[in-house]
Asker: 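So that we are looking at the same thing, I have put the structure below in structure tokens.
Numbering of residues begins at 1 and proceeds along the displayed sequence.
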Amino acid sequence: MDSVVVRSGDRPIKSSSRTLAIFGGEPLFSKFVHVGRPNLPEPEKLLQRLRGVLDRKWLTNNGPEVDEFERQVAKLAGVRNCVAMCNGTIALQIAICAAGLSGEVILPSFTFVATAHALQWQGIQPVFCDIDETFCLDPREVEKRITPRTTGVIGVHLWGQACNVEALSAICKRHNLTLLFDAAHAFGCSYKGQMIGGFGQAEVFSFHATKFVNALEGGAVATNDDEFAQRCRSMRNFGFSDEDLVTSLGINGKMNEFEAAMGIESLGNMDQIIVANRDNYFEYKRGLKDIPGIRLRNCDPNERNNYQYVVVEIDANAGVTRDQFHTLMHAENILARRYFYPGCHRMEPYSTVYPDSGQHLPQTELACEHILCLPTGPALCGEDIRAICDLLRFVVLHGAEVRERWPAPERASASRCVRP
Ligand code: T4K
């Protein structure tokens with residue numbers, strides 16, 4: 001276990017608000033607990049695989065590990081083609097380029113900024129669209145954002161929860177637009193019983209170190225369109241179609257053999273990680289029950305889920321704001337994250353280049369202000385989670401004192417993700 005919770009038995013989590021770490025008390029955890037702590041495979045098995053790579057002296061450019069990784073990902077995602085890439089952002093860029101998108105593309109602002117950057121980097125205007133109660137693109141709003149310059153829509157399966165695939169597909173069909181999905185969070189998840197990977201023209205996974213299946217860095221384009229997959233393969237390798245034949249614009253988007261080896265070993269642990277994440281989710285569900293103003297995002301029990309993100313909404317009934325929780329949890333060495341804040345439209349270059357892009361995003365603004373992601377993963381045990389839940393309950397119960405004692409704004413804003 002990574003974390004060590006500093007309390008014993010039935011002792012209350014804190015004796016008074018004075019003992020909260022933000023007010024000088026001892027932190028609840030002696031070491032940082034993270035959102036996104038990498039899940040590691042068995043070192044011996046990984047090292048053996050890496051030795052094989054060294055023995056073969058085939059380090060990158062479509063080696064056997066990448067081949068195997070692609071085969072396994074495609075099988076698990078129930079899709080004909082998986083094209084592995086060096087990371088999810090480049091995979092998005094290549095999918096966008098291979099789909100021939102241009103002009104304007106509609107996407108949520110409530111996403112990791114990579115989704116928007118992948119467009120803007122290629123001179124395509126990201127058009128930010130509001131979300132609905134699922135925190136994913138609101139199809140009704142999408143339709144309102146379509147202009148003669150629109151060529152596509154990118155839905156984001158946020159925290160592993162699928163977008164309204166059917167409604168988005170119908171809109172794209174009606175307006176002759178290409179539909180892509182940023183499925184960075186959604187490997188191992190399903191929509192209406194079908195694994196995510198085969199929807200739209202293509203879906204893009206991330207296998208970054210912080211994802212529940214990781215290849216150190218890594219990403220993939222998944223598609224049922226063989227010709228599209230071939231284009232992506234060529235584009236990730238400088239546009240080469242044959243030894244001396246370049247047939248399109250390309251880039252170096254290749255995954256290397258070490259990354260693929262890590263990815264394969266990580267896939268081997270996938271089921272165990274999901275079980276651990278799922279147990280954590282239910283521990284949170286029990287621990288957060290009936291805390292005023294704190295609501296755990298529900299995971300649909302009828303769908304496959306990787307439970308990678310544990311997300312709470314904190315509203316005014318908690319008496320303490322989401323940002324205050326964020327600050328005081330960091331003081332306790334609990335590195336909760338505001339995924340995603342402040343919304344892409346408030347980040348550069350978007351807030352300068354498209355100053356009006358924040359219009360019509362009321363649900364996005366709300367989500368950005370109220371969402372907090374809590375630590376999970378096999379590195380956490382039940383006791384850790386109970387301690388986190390008890391802390392949240394304690395803070396809500398002592399809300400008035402917390403507000404009273406709250407540090408000056410400059411001290412409060414000193415909270416940033418600290419690297420160990
Ligand atoms: N689309 C969406 C919707 C995405 O969420 C992402 C990436 C992408 C596209 C792009 O995919 P990639 O190009 O990344 O494959 C992290 C990840 O870097 C990023 O992959 C992820 N989404 C995003 C949600 O989270 P940061 O800047 O928040 O990560 P960082 O460095 O603050 O780390 C998070 C926590 O994990 C920290 O507490 C430290 C801990 N950590 C991190 C690393 C890398 C470790 O303990 N060990 C580690 O090795 O972006």
Asker: Would you say CD of Glu348 has more than 12 non-hydrogen atoms from neighbouring residues, nucleotides or ligands within 6.0 angstrom?
Answerer: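 Yes, enclosed.
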
Asker: Tell me, please, which residues at least two apart from Asn298 pass side chain to side chain donor-acceptor pair (under 3.5 Å).
Answerer: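 Asn298: side chain to side chain donor-acceptor pair (under 3.5 Å) contacts with Tyr281, Lys285.
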
Asker: Would a distance-only check, ignoring hydrogens and angles, find a side-chain to backbone donor-acceptor pair under 3.5 Å from Asn317 to Pro292?
Answerer: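 No, the answer is negative, given that no donor and acceptor are paired below the 3.5 Å cut-off.
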
Asker: So among Thr178, Ile154, Val105, Thr151, which one has a side-chain contact (heavy atoms from CB on, under 4.5 Å) with Ile96?
Answerer: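 Exactly one pass, corresponding to Ile154.
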
Asker: Within the side chain of His330, is there an N or O that forms a donor-acceptor pair under 3.5 Å with the backbone of Ala336?
Answerer: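 Checking the backbone N and O of Ala336 against the side chain of His330, a donor-acceptor pair under 3.5 Å is found.
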
Asker: If you round to the nearest 0.5 Å, how far is CD of Glu265 from CD of Gln48?
Answerer: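 Gln48 CD to Glu265 CD: 8.5 Å, rounded to 0.5 Å.
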
Asker: A side-chain contact here means heavy atoms from C-beta on lying under 4.5 Å apart; do Cys136 and Ile131 qualify?
Answerer: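 The answer is no, as the side chains (C-beta and beyond) never meet within the 4.5 Å cut-off.
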
Asker: Report, as yes or no, whether the 6.0 Å neighbourhood of atom CD on Gln122 holds more than 12 heavy atoms from other residues, nucleotides or ligands.
Answerer: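 Above 12, so yes.
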
Asker: Glu143 versus Arg174: any side-chain heavy-atom pair under 4.5 Å?
Answerer: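 They are in contact (side-chain heavy atoms under 4.5 Å apart), so the answer is yes.
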
Asker: Determine whether the side chains of Gln161 and Asp300 contain a donor N or O and an acceptor N or O closer than 3.5 Å.
Answerer: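 No, no side-chain donor-acceptor contact under 3.5 Å.
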
Asker: Just by distance, no angles: are the side chains of Gln72 and Glu68 close enough, under 3.5 Å, to form a donor-acceptor pair?
Answerer: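 Present: a donor and an acceptor within the cut-off.
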
Asker: As a test of understanding, state which of Arg233, Arg80, Lys75 forms a salt bridge (Lys or Arg N to Asp or Glu O under 4.0 Å) with Glu70.
Answerer: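 Filter result, single survivor: Arg233.
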
Asker: Decide yes or no for His208 and Glu217: does some side-chain heavy atom of the first lie under 4.5 Å from some side-chain heavy atom of the second?
Answerer: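 When only atoms from C-beta onward are counted, Glu217 and His208 do touch, with a gap below 4.5 Å.
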
Asker: Below 4.0 angstrom, N of the basic side chain to O of the carboxylate: do Glu283 and Arg386 qualify?
Answerer: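 Yes.
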
Asker: Can you measure from CG (Asn256) to CE (Met262) and round to the nearest 0.5 angstrom?
Answerer: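 Reported to 0.5 Å precision, the distance equals 12.5 Å.
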
Asker: If only atom types and distance count, is the side chain of Glu257 paired as donor or acceptor with the main-chain N or O of Glu65 below 3.5 Å?
Answerer: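 Side chain of Glu257 to backbone of Glu65, a donor-acceptor pair under 3.5 Å: yes, one is there.
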
Asker: Begin from the C-alpha positions of Phe340 and Ile371 and carry the test side chain to side chain contact (heavy atoms under 4.5 Å, CB included) through to its verdict.
Answerer: CA-CA 8 Å; Phe340 290 100; Ile371 286 296; over 6 Å; no

Asker: Taking atom types as modelled, find out whether Asn164 and Arg140 have a side-chain donor-acceptor pair closer than 3.5 angstrom.
Answerer: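 No, no side-chain donor-acceptor pair sits under 3.5 Å.
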
Asker: Is it the case that more than 12 heavy atoms not belonging to Asp55 sit under 6.0 Å from its CG atom?
Answerer: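 Enclosed: over 12 neighbouring heavy atoms sit under 6.0 Å from CG of Asp55.
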
Asker: Measure the CG-CG distance between Leu288 and Leu296 for me, rounded to the nearest 0.5 Å.
Answerer: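 These two atoms lie 6.0 Å from each other.
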
Asker: Could you check whether any side-chain heavy atom of Thr364 comes within less than 4.5 Å of a side-chain heavy atom of Pro108, counting everything from C-beta outward?
Answerer: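 No; the side chains remain at least 4.5 Å from each other.
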
Asker: Applying side chain to side chain contact (heavy atoms under 4.5 Å, CB included), run through Phe258 and Leu46 and close with a yes or a no.
Answerer: CA-CA 9 Å; Phe258 268 30; Leu46 175 62; over 6 Å; no

Asker: Out of Phe135, Tyr191, Phe181, which residue meets the ring pair (Phe, Tyr, Trp, His ring centres under 6.0 Å) rule with His157?
Answerer: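 Answer after filtering Phe135, Tyr191, Phe181: Phe181.
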
Asker: What orientation do Tyr339 and Tyr309 show, parallel under 30°, tilted 30 to 60°, or perpendicular over 60°?
Answerer: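 Tyr339 and Tyr309: perpendicular rings.
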
Asker: Do Asp323 and Arg338 touch side chain to side chain, with heavy atoms closer than 4.5 Å?
Answerer: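 Heavy-atom side-chain distance check passes, below 4.5 Å.
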
Asker: With a 6.0 Å cut-off on ring centres, are His117 and Tyr350 close enough?
Answerer: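 For His117 and Tyr350, the ring centres are under 6.0 Å apart.
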
Asker: Apply side chain to side chain contact (heavy atoms under 4.5 Å, CB included) to residues Phe394 and Leu28 and explain how you reach the verdict.
Answerer: CA-CA 12 Å; Phe394 177 92; Leu28 189 56; over 6 Å; no

Asker: Counting distance only, does the side-chain N/O of Ser206 pair as donor-acceptor with the main-chain N or O of Gly219 below 3.5 Å?
Answerer: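 A pair under 3.5 Å: no.
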
Asker: With rounding to the nearest 0.5 Å, note down the distance linking CD in Glu42 to CZ in Arg49.
Answerer: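 Here the interatomic distance stands at 12.5 Å.
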
Asker: May I ask you to decide if Gly123's main-chain N or O and Trp121's side chain share a donor-acceptor pair within less than 3.5 Å?
Answerer: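 It does not hold such a pair.
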
Asker: Please determine whether the number of non-hydrogen atoms from other residues, nucleotides or ligands lying under 6.0 Å from atom CZ of Arg304 exceeds 12.
Answerer: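 At most 12 heavy atoms, drawn from other residues, nucleotides or ligands, come within 6.0 Å of this atom.
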
Asker: Out of curiosity, Phe29 CZ to Glu332 CD, how far, rounded to the nearest 0.5 Å?
Answerer: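 Interatomic distance, Phe29 CZ to Glu332 CD, rounded to 0.5 Å: 9.0 Å.
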
Asker: Looking at Leu245, I'd like to know if its CG atom is crowded, meaning that more than 12 non-hydrogen atoms belonging to other residues, nucleotides or ligands lie closer than 6.0 Å.
Answerer: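 More than 12 within 6.0 Å, yes.
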
Asker: Does some side-chain heavy atom of Glu365 sit less than 4.5 Å from a side-chain heavy atom of His345?
Answerer: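 Answer yes - side chains close enough.
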
Asker: Take atom CZ in Arg295; do more than 12 heavy atoms of anything else shown fall under 6.0 Å from it?
Answerer: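 Not more than 12 within 6.0 Å, no.
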
Asker: Just by distance, no angles: are the side chains of Asn237 and Asn61 close enough, under 3.5 Å, to form a donor-acceptor pair?
Answerer: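 No, because no side-chain N or O of Asn237 sits under 3.5 Å from a partner of the opposite role on Asn61.
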
Asker: Could you tell me whether a side-chain N or O of Glu303 sits under 3.5 Å from a main-chain N or O of Lys192, the two making a donor and an acceptor?
Answerer: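 Yes.
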
Asker: Taking everything shown except Arg346 itself, do over 12 heavy atoms lie less than 6.0 Å from its CZ?
Answerer: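 Check fails, neighbour count at 12 or below.
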
Asker: Is there a donor-acceptor pair closer than 3.5 Å between any side-chain N or O of Thr115 and the backbone N or O of Phe112?
Answerer: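 Such a contact is found between Thr115 side chain and Phe112 backbone.
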
Asker: Between Thr150 and Arg145, does a side chain to side chain contact (heavy atoms under 4.5 Å, CB included) hold up when you go through it step by step?
Answerer: CA-CA 9 Å; Thr150 309; Arg145 303 274 92 77; over 6 Å; no

Asker: Hey, does the side chain of Asn306 reach the backbone of Gly188 with a donor-acceptor pair shorter than 3.5 angstrom?
Answerer: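 No, because the side chain of Asn306 does not come within donor-acceptor range (under 3.5 Å) of the backbone of Gly188.
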
Asker: When the ring centroid of Phe207 is compared with that of Phe187, is the distance short of 6.0 Å?
Answerer: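 Yes, ring centres under 6.0 Å apart.
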
